[in-house]
Amino acid sequence: MSENLDDFRAEVRAWLAANCPDEMRKPANEEGDICWGGRNWVFKNDAQRDWLHACAAKGYTVPDWPKAYGGAGLSAQQTKVFRSEMARIGARAPLSSFGIWMLGPALLHFGTEEQKLHYLPPIARGEIRWCQGYSEPGSGSDLVSLQSFGEDKGDHWQVNGSKIWTSYADKADWIFALIRTDKANKYQGITFMLFDMASPGVSTKPILLISGNSPFCETFFDNVAVPKTQFIGEVNRGWDVAKYLLGHEREMISGGGAGGDMVSIGALYAQVIGKNAAGELDDPVLRAEMAAFDTDVFAFRAMGERFMDMWKTGRAHPASSNMMKYAGTELNKRRHELVMSGAGSAGLEWDSAESRGGSKPRGWLRTKANSIEGGTSEVMLNVIAKRILDLPGA
Amino acid sequence: MPLYHNDEQAMLRDSAAPFIADAAPVSHLRSLRDSGDATGFSRDLWKQFAEMGFAGILVGEEYGGMGLGHAEAGIVLEEIGRNLTPSPFLSTSVAAVSALKAAGGAQAAQWLPRVATGDAIIAIAIDEKPRHGPEGSALAATRAGNGFKLNGQKCFVLSGHVADMLLVLARTGGSAGDKDGLTLFAVPQGAAGLNADPRRLVDASLAAHMRFDDVTVDADAVVGEVDAGWDAVKPLLAAARTGAAAEMVGVGQGAMDLTMDYLKQRKQFGRLIGEFQALQHRAAHLYSEMEIARASVMKAQQLLDEGDSGAELMVSVAKAKAGRATNLAVREGVQMHGGIGMTDEYDIGLYMKRDRALAEYMGDVHYHIDRVARLNGY
């Protein structure tokens with residue numbers, strides 16, 4: 001690997017030019033354009049398949065993971081260069097995966113060498129699709145009150161209970177889940193388990209949301225046997241792993257507000273809204289709101305860059321991902337409000353071909369979950385007040 | 001370049017922060033204000049700024065400066081903001097130096113060494129109306145003999161009454177609103193026909209209305225090229241706006257620190273008011289806005305220092321974002337202090353006043369949000 005960043009940039013640029021199919025350089029338009037991988041994944045087209053395979057072979061689905069685990073072993077600065085080169089040509093992520101975003105970081109931090117070698121490479125190659133089992137019907141913001149229980153049966157736990165808001169549980173191959181293993185100890189009585197969704201006793205039921213889609217499921221465990229080798233960290237110390245992981249989840253969700261590029265929302269909707277002779281958007285009030293939004297987005301993008309630079313080098317406040325999650329998700333909700341305003345009545349169409357199946361209104365409604373999932377905005381503000389601002393009694 | 005301070009920058013901060021906090025804390029501003037000081041800043045302190053190397057921080061080493069960039073100037077500005085220090089640093093060492101460096105020539109050779117030694121204060125005379133609009137300059141410069149004759153007026157000229165030299169944006173061609181036909185002049189204080197009317201502003205600083213009645217200057221008073229003054233003013237504006245944004249971040253941070261301390265001390269209903277979630281959430285939101293503002297300012301500084309074409313947009317983003325965030329910090333500051341936040345005795349109100357003046361300087365939030373739209377083609 002090149003030590004010099006300029007050489008490295010040239011190397012990445014040449015590789016992308018040769019390997020990223022044209023189709024993968026266009027913005028993702030619909031759900032099927034996002035590649036999630038997994039045992040049952042059906043590629044939308046050859047380009048999506050080739051792009052995943054090319055990246056996986058090079059370790060570029062997880063560029064900063066060590067090579068032994070399927071990554072490319074890039075340094076923080078190299079990863080930044082890699083991502084900026086991807087963004088430069090508008091390349092889509094070759095693989096979207098809860099395995100990459102959440103389980104991977106937990107395994108890298110808490111896993112044994114054997115676990116890393118076993119679980120990480122299939123994640124990097126997009127062969128196993130994971131889902132996350134955290135929230136329960138009675139345990140949302142107060143997650144630590146969760147009740148799903150794994151009874152000790154010698155060589156395995158017998159798990160009973162249910163999870164809710166499990167993203168794509170019906171499509172996932174494996175689940176990482178928080179399961180109570182000691183009813184007497186609230187914080188130190190939870191184990192971070194891994195098990196196959198095909199295990200007897202696991203069932204899922206998609207939940208119809210206001211968007212008309214069902215990305216989330218209820219997931220039920222009925223006497224599911226989980227071998228006592230399939231956990232991360234220590235038994236009864238899963239809350240430590242969960243807290244660590246929530247940091248990554250917040251980091252990931254916070255990126256959503258910025259999108260990957262510097263596209264201005266005002267510029268994007270100029271054609272629909274129309275311009276006056278001076279070249280300004282025809283609706284001066286909407287123009288002002290869009291410009292204020294663009295200003296916030298460009299500022300937040302700088303924040304994202306600064307956060308990642310500091311996070312990767314251990315300079316960031318450990319709770320700062322909560323701030324990123326809060327600001328990023330609130331920004332994304334605002335974006336979609338403006339998208340709806342910019343689109344006018346056309347943005348109301350729910351299932352016409354012209355509206356691509358109502359992608360705007362459904363997308364807008366979907367974003368309302370941004371500030372709920374992975375910790376509500378209100379919980380984020382509580383954490384900032386307590387851990388960063390050190391306010392009393394918080 | 002990562003978006004955090006490197007070791008050298010951290011060292012600069014570690015020397016600037018205690019120096020300014022010690023030599024010019026908020027009480028320094030109060031004593032100047034309460035004594036009716038007519039200069040607007042302390043000349044002794046400015047000498048110390050020069051001895052520390054701050055006055056010439058952007059001046060090249062060939063002229064006796066430190067040869068550093070906007071990121072480093074921003075570190076000093078943030079401390080100035082945090083302490084509400086009255087100082088000609090922003091107009092002289094940041095704005096004026098940036099124009100002189102860009103233009104080069106005789107004026108640069110004459111003034112840059114004197115800025116670095118602390119022997120020259122330079123004021124910026126650009127605006128003519130209460131709302132910022134550099135292209136709108138109408139002050140007329142007509143050819144006369146070997147030089148030019150200047151007629152017209154300027155306003156909001158910080159230190160205009162005491163500066164050794166003024167950088168004056170004048171019109172040599174075109175009409176108000178055009179970027180072409182502008183020329184930047186270096187006009188020495190004391191020039192015949194130059195008249196200053198200093199006015200005390202809300203933050204106790206002094207800004208002059210300047211009148212120019214047949215002020216005669218030589219041809220070599222032109223900074224840059226005749227009719228192409230915009231080329232010298234553009235870097236001046238970018239530097240001044242980014243610098244004002246950095247100073248505002250300091251003001252906002254100072255106001256926020258005071259307020260967080262107060263939330264941890266003040267008791268009502270038998271509890272520290274910082275225990276109330278109604279205040280905690282607002283404080284946390286403010287923290288988030290301030291962090292984002294700081295990142296945007298650092299990004300603008302970095303792009304300016306790299307000569308990146310994206311700097312133009314980021315400068316306006318930074319000025320607008322720092323304006324919004326700091327305005328929130330001072331408003332929440334006064335509100336969360338309650339009644340004593342309204343008293344002159346407590347410092348929080350001084351932060352609100354300084355923020356208002358900085359927010360207006362070189363284009364307010366609305367000006368720069370509008371500019372973000374224009375730069376994105378809408």
- Query: Atom NZ of B:Lys299 and atom OG of B:Ser296: how far apart are they, to the nearest 0.5 Å?
  - Reply: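 So the gap between those two atoms works out to 11.5 Å.
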
Portion of [X] that has a non-hydrogen atom of chain A nearer than 4.5 angstrom:
X        : answer
B:Tyr4   : both
B:Arg271 : neither
B:Val317 : both

- Taking the six-membered ring of A:Phe293 (Phe, Tyr or Trp), confirm whether the NZ or CZ of A:Arg334 is under 6.0 Å from its centre and within 45° of its axis.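 Pair A:Arg334/A:Phe293 does not count as cation-pi.
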
What part of [X] is in contact with chain B, defined as an atom under 4.5 angstrom from a non-hydrogen atom: side chain, backbone, both or neither?
X        : value
A:Arg315 : side chain
A:Thr313 : side chain
A:Glu330 : neither
A:Ala288 : backbone
A:Ile388 : side chain

[X] and [Y] ion-paired at < 4.0 Å:
X        : Y        : answer
A:Lys325 : A:Glu373 : no
B:Arg13  : B:Glu79  : no
B:Arg324 : B:Glu289 : no

- Closest contact, heavy atoms only, B:Ala240 versus B:Met362: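 Closest pair (atom of B:Ala240, atom of B:Met362, distance): CB-CG, 3.9 Å.
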
- Among the options A:Ser320, A:Ala270, A:Ala76, A:Ala292, pick out the one with the most heavy-atom pairs lying under 4.5 Å from chain B.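 Maximum pair count with chain B is reached by A:Ala292.
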
- Task: Between chain B and each of A:Asp296, A:Ile273, A:Leu281, A:Asn276, count heavy-atom pairs under 4.5 Å; write down the option with the most.
- Result: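 Option with the greatest count: A:Leu281.
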
- Item | Steps toward side chain to side chain contact (heavy atoms under 4.5 Å, CB included) verdict (A:Val297, A:Leu331) | CA-CA 7 Å; A:Val297 166; A:Leu331 209 47; 4.1 Å; yes

- Greatest number of heavy atom pairs closer than 4.5 Å to chain A - which of B:His285, B:Met260, B:Met256: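 Most heavy-atom pairs under 4.5 Å with chain A: B:His285.
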
- Message: Counting neighbours of CZ on A:Arg306 that are heavy atoms of other residues, nucleotides or ligands and sit closer than 6.0 Å, is the number greater than 12?
- Response: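 For A:Arg306, atom CZ is crowded (more than 12 foreign heavy atoms under 6.0 Å).
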
